[in-house]
Amino acid sequence: MNAHSHREESFFRKYIWSTDHKIIGLQYGLTALLFLSVGFFLMMVMRWQLAYPETPIPFVGSFFGEDGILLPEIYNSLGAMHGTIMIFLGVVPLAVGAFGNYLVPLQIGAPDMAFPKLNAASYWSYFIGGVIMMGSFFSEEGAARSGWTSYPPLADIEVGQTIWLIGMVFLITSSLLGSMNIITTIVQLRAPGLTWRRLPFFVWTQLVTSFLLVLAFPPLEAAAVLQLMDRVAGTSFFLPSGLVISGEALAVSGGGSPLLWQHLFWFLAHPEVYVLILPAMGIVSEVIANNTRKPLWGYNSLVFSVIFLGFMSFVVWAHHMFLTGMGTAMSSFFQITTMIISIPSVIILSALFISLWGASIRFNTPMLFALAFLPMFGIGGLTGLPLGIAASDIYLHDTYYVIGHFHYVVAPGTIFALFAGIYYWYPKITGRRMNERLGQLHFWPSLLFMNGVFMPMFIQGLAGVSRRLWDGGLEYAHAAGVLQWNEFMSISAWLLGISQIPFIINIFFSLKRGEKVDRNPWEATTLEWVAPSPPLPHINFETLPEVHREAYEYSVPGRNRDFTPQTEPKKG
Amino acid sequence: MIDILRDLGLPISISSNGPVIDETIALMHWLMLFLFIGWGTFFIVSLVKFRKSKSPQADYIGVKSHISTVFEVAVALIEIVLLIGFSFPIWASRVNDVPTSNEGIIHVRVVAQQYVWNIHYPGPDGIFGSTQSELVDEVSNPVGLDRSSFGASDDFITINQLHIPVNKKVRIDLSTKDVIHSFKLPELRVGQDAIPGMSIPLHFEATMTSNQFLKKMVGTPREGKGLEISCAQLCGLGHYRMRGYLTVDTEEEYNDWLSLQAEYLLEDNEEDEWGDEEDW
Amino acid sequence: MEIPYIVDERPDTGIYNAKLGIWLFLASEVMLFGGLFSSYVFLRLGAPVGAFHEWGQELNIPLATLNTLILISSSMTMVMSWVSLKMNDFKKFKLYMALTLLCALCFLVIKYLEYSAKIHHHIYPSTNTFYAIYFTLTGLHGLHIIGGMVVLFYLWVPGSNMWKIKPEQFTNRIEIVGLYWHFVDLVWIFLFPILYLL
Amino acid sequence: MSSGDDVDIQSHIKVYMMVFASLAVLTIVTVSASYLDLTSGEAIFLALVIASIKGSLVACFFMHLISEKALITWVLMLTAGFFFILMFLPMASFIDQAQIG
Ligand code: HEA
Ligand code: HEA
Ligand code: CUA
Ligand SMILES: [Cu+2]
């Protein structure tokens, strides 16, 4: 594979069908950022309808209907696709595909991923899946409109779902290939001396995340195949007998169960939410360790907690299904596991907080985003608890409270962590630092408006407003007292969009004009900073690094510098 | 706490199972607040105290004590208390206390379908006639009631109009004709998904009539708008308008309403079964 | 810098990269078929008592038994082709690979006969939940066979040049594809009783 | 590749032969057993036991799991654990849900 690393490669070989993990990582990253913008764009359109129901959408209205008013069915499409795009095409590819690909080999001192061709295949499978998903908007039937959860029987009978399922199969394949590659890389290609206890925490989170993907995605693939059969071959895996749709008896054999889908779906989708959060935690830990200039507090308990978290995430899925008619045994079991799984999260967060004590904190942009992650994830995580307690979930299930809960963990949580990562590793990728002032201009408004969008959701949720309502609750009397928030949230969302402009400018501006830096601008200890910036094509390091110390030797007493790279040999 | 949550939007609860659920929600939020403020204070103090200009040299060890472990154990203990003390009993009562005999209770069937709630009352004999999906006719027979079956002759079906008497146990058997819906009475803290192919029982008891409720709402944005059934699960393009009306009557009002329905049935005038849209 | 441990084992884990890779892949396959098996259980429990047994009576047990034996044989020849490489006997390797492919082909032909008999009797996936899961499981398994055949064929003819240049890596490749092939056999070992016999 | 000497391999081949024979025999056994007059519970149990034996034979010998490195064993044990969760819980759910509906 690396035989041609010294040869000149054609443009196509170098940037398109590349097998270099760094190029693939960048491909993943750019595509995912693009999809994030698309997902966000859909949401900004939906927020117009929620704020000003049944008024024509400005600027882009003509895409969505003759008179520019968002129809309910289109609203449902946009909602389902917002969820799908954000999760499967945005955050997972960015967190695992981009960050995992780019950084894991560097952090473990490997020349490339274990299977470079598979790596490229994984990206292209993702790309095809993305194209199929996007294409569904322009197909005759339109995009899927049964929520990202695709509950049958609705999903079995609604238009657009077939394309969604086919797209999902590609995305699942991509994730499977990618995560097998990451696991193998971590296990097999660690540099000499890099023992498990010396592994940077980020690598640990990638390892656990990849295991989640390998083992949890296939049941969803199975479910997708079954739903595809229902739609294409007329089977009734998810359709019981005796359904009457719009006055017509549904002509199927029946005998299936809609709950089967829910079980298989959530068997994936709960581990999936930890796939969204664990890499984010990894990134945040790296940034915090570096900018507090001290080791992470409780490395062992952090590692133990992510492993335990990963393990437990397979046995909590039915907390999404409390209201499906569950008996006492099942509901008690899943409540207990849900409460158990919250403990390692608390431990991880605590360890990160405690790491701050006694530090010497540098408030640069990556650190700001990483610090903001902590309380924001805290809010999201804490509001998960009343949902995990079945008694309170009776009231809160499928209200905006749930929407608020998970947006706090994914948007100001994961997205902020990813921003932190981009600012932090940008110098490694380009050899230039991103602009601090623009970074601050990105951070502060983003923090403000994120809360502006999502905080009122808890209020609406407490009032009992259901999610996925086209008119934002106008129809319902119990929503009357909290409707005024809709406009507030929408305006916050649009301002949040505007706040991203400095970021986009920063990315392109710094490519040419950013301050030039050497290979270790943040004075960090882990291996990626030993490589040149950017790392050498295909081989990363000039010589194979050898590891002599733990990952975070910052401010060790008695040393003349406040950091000691992992490669520095121990004396005598 | 419950007052704070009320101010934030939580509606008053008007059912016998509401208070325990509210209590659980309140306790959960106490726990959350406690954790958030505790950690938040630590967080802010650390940020201020250990900024670079004030603390140029980091301390390699940092926190030595393991007080956080105590803290974590405390969180775990509180969670256990919440589970065993509140959630398990509430759930057990939800699942196991479903009234099995029709003595002294109101028993109705609710059949959801895309964008309406069909309410099936057993009539004076208290016996539901059997239903078949083949008999469904959207206009004249939305639930597919077999009029010739045992006990069916006095059954009546309303659309989107659920009437129940106050202070009386109500049992509802929830099912659906097409896709998944979710039957939610926000003020009564009742919620249950309607799953195709299943009939799921649920039970509750209202403690306040609609009229009393409306009086309480005077002066709030809710003024003049009564109780309702909302659909909490995406069920298609009309999900947002799948709203039913719940009326909690006094015993007399309820009986009057029942006899009115019986009269309608005698007149065999299907049109009149349709409730007046805006009438709560 | 080459990627390490493509051919040799890493000392502390004792395996080479592709070995871990294939096992992870098989782990995901276990979960894929696991999802379908658990759907089978779910549907079987949901069907009227005895209905699955009743519906399954239409299936042709002798043909399926034959197919089981064929697939077991192909596993045998597969492992023999790997052993042949280990003993540096390239000719025998070719022979055993050919036999493996032949077995796979027989399996598919019999599968085709079974399917067409069903369709002839107007039995489709939509007939009832048993046939739904029957066609899905055997269909997916069949796709795995076809996929395996493509790889086997590649290694049998065009890919076998590698033997001359990098014999060790080639032997590893055969071991890897063998693991996959045995797994497909293993899945069938479970499919056979639950679909045909119960 | 830790290739052993020829004698070693010869004995391997013998093992493979025996495994192959057992698999064939067990196939016949399981088919014949299905014609026995068993209750459905017994039949399911018997068929699954035989299938598990056959499966283990394939896994242990053809896939040489029996002499595989610890790492792989761990990965597979993890998978097996999740596989059983996957198999068990839809059933548990079914029983639980049947109780009330
Ligand atoms: C990254 C994603 C992510 C994460 C990490 C979580 C974490 C958790 N989630 Fe969430 N969840 C989702 C994403 C996520 N969730 C999504 C997407 C949905 C909706 C899906 C849909 O229906 O569409 C959902 C829905 C959902 C439900 C179903 C609700 C319903 O539909 O009725 C439940 C119920 O139990 C739940 C529970 C939990 C719990 C207990 C945690 C726990 O792991 C949380 C543990 C964390 C903590 C306990 C916080 C610890 C922090 C501190 C103690 C410090 C705090 C203080 C300061 C910072 C100052 N979640
Ligand atoms: C990872 C997951 C994720 C993320 C990040 C988001 C982000 C956001 N979401 Fe979303 N959302 C979901 C997952 C996510 N969401 C899911 C699963 C649902 C449920 C769907 C369903 O019901 O089925 C949902 C539903 C949902 C609803 C409810 C709709 C309804 O029920 O009717 C709302 C309402 O306001 C909403 C709003 C937002 C907003 C304002 C953001 C904002 O925070 C967006 C922030 C994003 C950005 C700031 C983009 C940053 C990108 C860039 C800056 C790109 C730069 C580009 C280049 C350099 C090229 N979301
Ligand atoms: Cu019915 Cu939503
Ligand atoms: Cu969950």
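Keep in mind that this is a model prediction, so the values were computed, not measured. Residue numbers begin at 1 in each chain, while the letters A, B, ... track the order of the sequences. Just so it is clear, the values below take in all heavy atoms, side chains as well, and ignore hydrogens, waters and symmetry mates.
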Please classify the contact between [X] and chain B as side chain, backbone, both or neither, with a heavy-atom cut-off of under 4.5 Å.
X        : result
A:Asn76  : side chain
A:Leu154 : both
A:Phe322 : both
A:Ile74  : neither
A:Trp297 : side chain
A:Arg468 : both
A:Thr292 : backbone
A:Ala249 : neither
A:Tyr395 : both
A:Pro258 : side chain

Does [X] [atom1] have over 12 foreign heavy atoms under 6.0 Å away?
X        : atom1 : value
A:Glu73  : CD    : yes
B:Phe34  : CZ    : no
B:Glu223 : CD    : yes

Among [options], single out the residue with the greatest number of heavy-atom pairs under 4.5 Å to chain B.
options                                : answer
A:Tyr151, A:Tyr552, A:Phe458, A:Tyr75  : A:Tyr151
A:Asp156, A:Ile347, A:Ile379, A:Ile245 : A:Ile347
A:His397, A:Met339, A:Gln460, A:Arg145 : A:Met339
A:Gly247, A:Gly473, A:Ala480, A:Ala390 : A:Ala390
A:Gly254, A:Ala359, A:Ser392           : A:Ala359
A:Val465, A:Leu396, A:Leu356           : A:Leu356

What pair of heavy atoms forms the shortest contact from [X] to [Y], and how long is it?
X        : Y        : result
B:Val190 : A:Ile394 : C-CG2, 4.5 Å
B:Pro56  : A:Ser360 : O-OG, 3.2 Å
B:Lys184 : A:Thr399 : NZ-CG2, 3.2 Å
A:Ala477 : B:Lys225 : CB-CB, 3.5 Å
B:Asp178 : A:Pro153 : O-CG, 3.5 Å
B:Phe42  : A:Phe353 : CE2-O, 3.4 Å

Is there a side-chain contact between [X] and [Y] (heavy atoms, below 4.5 Å)?
X        : Y        : result
A:Ser555 : B:Asp59  : no
A:Gln484 : B:Pro221 : no
A:Ser350 : B:Trp39  : yes
A:Leu371 : B:Phe43  : yes

* Asked: Does A:Ala391 offer a backbone N or O that forms a donor-acceptor pair with the side chain of B:Ser87 under 3.5 Å?
  -> yes
* Asked: Could you walk me through whether A:Val244 and B:Glu138 pass the side-chain contact (heavy atoms from CB on, under 4.5 Å) check?
  -> CA-CA 10 Å; A:Val244 183; B:Glu138 285 309 311; 4.3 Å; yes
To the nearest 0.5 Å, how far apart are [atom1] in [X] and [atom2] in [Y]?
X        : Y        : atom1 : atom2 : value
B:Gln57  : A:Lys294 : CD    : NZ    : 12.0 Å
B:Ile90  : A:Ser331 : CD1   : OG    : 11.0 Å
A:Asp398 : B:Asp193 : CG    : CG    : 7.0 Å
A:Leu259 : B:Ile195 : CG    : CD1   : 5.0 Å
B:Leu33  : A:Leu382 : CG    : CG    : 9.5 Å
B:Lys49  : A:Ile361 : NZ    : CD1   : 11.5 Å

* Asked: Have A:His478 and B:Glu228 got a donor and an acceptor in their side chains that come within less than 3.5 Å?
  -> yes
Relative to chain A, which of [options] shows the most heavy atom pairs under 4.5 Å?
options                    : value
B:Lys177, B:Gln132, B:Arg6 : B:Lys177
B:Glu72, B:Lys54, B:Arg51  : B:Glu72
B:Gly40, B:Pro142, B:Ser55 : B:Ser55
B:Thr69, B:Asp137, B:Leu47 : B:Leu47

* Go through B:Phe88 and A:Thr328 one step at a time and tell me if the side-chain contact (heavy atoms from CB on, under 4.5 Å) criterion holds. => CA-CA 8 Å; B:Phe88 290 172; A:Thr328 42; over 6 Å; no
* Please step through side-chain contact (heavy atoms from CB on, under 4.5 Å) for the pair B:Ile180 and A:Gln262, ending with a clear verdict. => CA-CA 11 Å; B:Ile180 302 178; A:Gln262 296 195 16; 3.3 Å; yes
* Please look at B:Gln114 and chain A and tell me whether the side chain, the backbone, both or neither of the residue comes under 4.5 angstrom of a heavy atom of that chain. => side chain
* Asked: B:Arg94 versus chain A, heavy atoms under 4.5 Å apart: side chain, backbone, both or neither?
  -> side chain
* Asked: Using a heavy-atom distance cut-off of less than 4.5 Å, which residues of residues 15-26 of chain B contact chain A?
  ->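 Within residues 15-26 of chain B, near chain A: B:Ile21, B:Thr24, B:Ile25.
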* Asked: Considering heavy atoms only, which positions within residues 229-242 of chain B lie below 4.5 Å of chain A?
  -> B:Ile229, B:Ser230, B:Cys231, B:Ala232, B:Gln233, B:Leu234, B:Cys235, B:Gly236, B:Leu237, B:His239, B:Tyr240, B:Arg241, B:Met242
* Asked: Between B:Trp91 and A:Asp393, is a side-chain contact (heavy atoms from CB on, under 4.5 Å) present by the stated rule, with each step listed?
  -> CA-CA 11 Å; B:Trp91 202 264; A:Asp393 194 50; over 6 Å; no
* side chain to side chain contact (heavy atoms under 4.5 Å, CB included), paired with B:Glu79, selected from A:Ile389, A:Val346, A:Ile343 -> A:Ile343
